[in-house]
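Structure, as structure tokens:
Remember, it's a predicted structure, so these values are computed and weren't measured experimentally. Quick note: residue numbers are just sequence positions, from 1.
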Amino acid sequence: LTGVLLYAFCRPRIGVFNALLCTIGWLTVPGVIQESASLHDDTVLALFLFAALVCLYDPRVRGGRSWAAGTVTGLLVSAAVATKLMGWILCPVYLLAVLAWCGRERGTAWALQAAAAAMTVVVVAGGFQYWYALAVTGNPIFPFYNAVFHSPYYPWTNFLDRSSVGHFGW
């Protein structure tokens, strides 16, 4: 799916042949193959974030209403946030992308409205499971970092999955 999105993004900008070369080159990188075969959550996270980037870059989306563009982008970033905690770290990057790209073309007011809509959707939709875990356990990322959050449902030590320790290496 990420390859299809990459091709769809590149084709109108650099042509069919170059878009195919770009997609084939990206798909043959050993790290992409390894990640795709073993850690599906990283692939899904990248897929949602790339889809949000494509959505922001699409002139049909940027040409519409600010709240609609922000909502669509916010839903895609929300899916990334719900997939993995790393999505939260990348939210400010997408906020800056909305402000920078759309601000130059549509004006600062439009970009601020789109960014506000996107961040509202991300906090409400993408953060739901984190808010729920915080309310139930006292730890938004339960059982991880329990030495920090001190949830009563798990020992006050950081969770370490020992099933993969020592089994992987270069």
Whether over 12 other heavy atoms sit under 6.0 Å from W67 CH2: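 At most 12 heavy atoms, drawn from other residues, nucleotides or ligands, come within 6.0 Å of this atom.
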Distance-only donor-acceptor hits, side chain of residues 111-128, under 3.5 Å, sequence neighbours excluded:
from: Q113; atom 1: OE1; to: S66; atom 2: OG; distance (Å): 2.7
from: T120; atom 1: OG1; to: A116; atom 2: O; distance (Å): 2.7

Chi angles and distances behind the side-chain contact (heavy atoms from CB on, under 4.5 Å) call for V77, F48: CA-CA 6 Å; V77 174; F48 285 130; over 6 Å; no
Minimal non-hydrogen separation, Y130 against V81, with atom names: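 Nearest pair, atom of Y130 first, then V81: OH-O, 2.9 Å.
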Results of side chain to side chain contact (heavy atoms under 4.5 Å, CB included) for A8 - residues two or more places apart only: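 Here no residue qualifies.
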Spacing of R11 atom CZ and N18 atom CG [to the nearest 0.5 Å]: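 That separation rounds to 13.0 Å.
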